[in-house]
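Below is one structure, written out as structure tokens, with a few remarks after it.
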Number of protein chains: 2
Amino acid sequence: MKTVPHITDAEWEVMKVLWNESPRTANDVIDAMQERTEWKPKTIRTLLNRLAQKQAISFTQENRVYAYFPLVSEGECVKSETQSFLKRIYGGAFKPMLVNFLKEEQLSEEDIKELRDMLDGKSK
Amino acid sequence: MKTVPHITDAEWEVMKVLWNESPRTANDVIDAMQERTEWKPKTIRTLLNRLAQKQAISFTQENRVYAYFPLVSEGECVKSETQSFLKRIYGGAFKPMLVNFLKEEQLSEEDIKELRDMLDGKSK
DNA sequence: CAATGTGTATTACAGTTGTAATCCAACTGA
DNA sequence: TCAGTTGGATTACAACTGTAATACACATTG
């Protein structure tokens with residue numbers, strides 16, 4: 001099973017941009033990021049570098065410009081982060097978390113219906 | 001709404017011990033921890049100190065010995081950590097996460113039944 | 001009372017993370 | 001050709017984390 005590198009909070013924002021569309025040049029990423037954050041361009045370049053170092057992304061070079069693209073899928077990362085979250089908070093057990101969430105969160109009538117349909121799909 | 005301090009991975013293990021039973025002396029905590037981790041006693045004391053500093057726990061003094069107890073409940077912390085997790089991974093939306101989980105995770109027939117019952121309880 | 005043990009307080013130290021600034025090489029326009 | 005601009009590489013730096021070790025103060029024992 002492929003292990004995905006650990007992606008930090010700040011890095012995650014950059015990944016989202018690349019998952020959304022790629023390849024993108026550093027400047028494209030910077031533009032996209034500045035619609036959602038206050039980060040300076042230099043900061044975003046740092047994050048791109050770190051992500052490339054840890055092989056979460058890579059790039060192709062076109063003249064002097066790099067175009068970045070993800071090496072790991074959003075699904076993989078979500079799964080991996082979820083696993084460690086679950087492990088930390090709930091000792092790894094999935095159902096207790098669900099139970100807790102369902103207790104705590106407010107869901108619309110449609111949400112509930114949708115979830116129930118999914119459960120129906122799961123049961124044989 | 002009360003804000004809980006951020007509790008790190010390592011600190012979380014200590015909190016679990018105190019949530020499980022408190023107050024406990026440092027040595028009690030250390031004993032309990034050593035059943036589950038390899039951490040040195042000094043390490044655990046450091047974690048207790050840091051937790052006390054950030055007011056996640058406090059202590060009473062009995063002669064020269066401290067007895068520690070949580071200042072924040074497990075529920076609060078779970079909720080708070082879950083919020084930031086959700087925000088980071090799913091942009092804060094709860095249902096997409098559930099949908100994803102239900103797709104990914106394998107649940108027993110009883111689990112599914114239990115969840116369905118909970119959903120029934122939620123819908124008016 | 002002196003040495004030893006024990007519990008707490010202080011200090012250590014490297015790796016990670018957030019958040020950039022500076023340096024350098026190449027391109028571009030005058 | 002020279003200076004400014006621009007993209008990338010290197011460096012910065014403090015806070016937070018994991019993981020302790022050392023120092024200190026009080027208590028106990030011989």
Applied to residues 17-30 of chain B, the salt bridge (Lys or Arg N to Asp or Glu O under 4.0 Å) test, sequence neighbours excluded, yields B:Glu21-B:Arg24
Check your understanding: Between B:Gln34 and B:Trp39, is there a donor-acceptor pair closer than 3.5 Å when you use the side chain of the first and the backbone of the second?
Key -> yes
* To do: Give a yes or no on whether a salt bridge exists between A:Glu81 and B:Arg88, defined as a side-chain N under 4.0 angstrom from a carboxylate O.
  => yes
| query | Can you check whether B:Trp39 has a side-chain N or O nearer than 4.0 Å to OP1 or OP2 of D:dG18? | reply | no
State, with a plain yes or no, whether a side-chain heavy atom of A:Ser73 is found less than 4.5 Å away from one of A:Glu76.
yes
| said: Under a 3.5 Å distance rule, please check whether B:Trp19 uses its side chain to pair with a backbone N or O of B:Val72 as donor and acceptor. | reply: yes
Between NZ of A:Lys40 and C1' of D:dG7 the distance, given in whole Å, is 19 Å
**Asked** Got A:Pro23 and A:Tyr68 here, is their nearest side-chain heavy-atom distance under 4.5 Å?
**Response** no
In this structure, CE of B:Met118 is separated from CD1 of A:Ile112 (nearest 0.5 Å) by 10.5 Å
Taken in chain and number order and not counting sequence neighbours, the residues that satisfy salt bridge (charged side-chain N to carboxylate O under 4.0 Å, His left out) with A:Lys87 are none
When rounded to the nearest 0.5 Å, the distance separating CZ of B:Arg116 from CG of B:Leu119 is 9.0 Å
Min and max contacting nt of DNA chain C in 5' to 3' order, chain A heavy atoms within under 4.0 angstrom, are C:dT17 to C:dC27
Those residues at least two apart in sequence (or on a different chain) that pass ring pair (Phe, Tyr, Trp, His ring centres under 6.0 Å) with B:Tyr90 are none
Review point. Is A:Lys113 salt-bridged to A:Asp117, going by a charged N under 4.0 Å from an acidic O?
Key: yes
| task | Mind checking B:Thr43 for me? I need base, sugar-phosphate or nothing, with any heavy atom below 4.0 Å counting as a touch. | result | base
To the nearest 0.5 Å, atom CG of B:Asp9 lies from atom OG of A:Ser84 at 8.0 Å
Rounding to the nearest 10°, end axes of the helix from C:dC1-D:dG30 to C:dA30-D:dT1 built from five pairs each make an angle of 30°
Here the distance between atom C1' of D:dT19 and atom CD of B:Glu13, to the nearest Å, is 15 Å
One should read off an interatomic distance between A:Ile89 CD1 and B:Cys77 SG, to the nearest 0.5 angstrom, of 8.5 Å
Sequence neighbours excluded, the answer for side chain to side chain donor-acceptor pair (under 3.5 Å) partners of A:Glu114 is B:Lys95
Donor-acceptor list for residues 41-55 of chain A side chains, cut-off 3.5 Å, not counting sequence neighbours:
residue : atom : partner : partner atom : Å
A:Arg45 : NH2  : A:Asn27 : OD1          : 3.4
A:Thr46 : OG1  : A:Lys42 : O            : 3.0
A:Lys54 : NZ   : A:His6  : O            : 2.9
A:Lys54 : NZ   : A:Glu11 : OE1          : 2.8
A:Lys54 : NZ   : A:Glu11 : OE2          : 3.1

Beyond-backbone contact of A:Phe59 with A:Thr25, side-chain heavy atoms, under 4.5 angstrom: no
Please tabulate, one pair per line, each protein N/O and nucleotide N/O from nucleotides 22-30 of chain D that are separated by under 3.5 Å, including the distance.
residue : atom : partner : partner atom : Å
D:dT22  : O4   : B:Lys42 : NZ           : 2.9

Within residues 44-60 of chain B, the residues having a heavy atom closer than 4.0 Å to DNA chain C are B:Arg45, B:Asn49, B:Arg50
Within residues 77-89 of chain A, those residues having any heavy atom closer than 4.0 Å to DNA chain C are none
- Phosphate oxygens OP1/OP2 of D:dA9: is one of them under 4.0 Å from a side-chain N or O of A:Tyr66? yes
The correct set of residues in residues 25-35 of chain B placing a heavy atom under 4.0 Å from DNA chain C is B:Ala26, B:Asn27
Any carboxylate oxygen within less than 4.0 angstrom of a Lys/Arg side-chain nitrogen, looking at B:Glu74 and B:Lys16? no
Residue set satisfying side chain to side chain donor-acceptor pair (under 3.5 Å) with A:Ser108, at least two apart, ordered chain then number -> A:Asp111
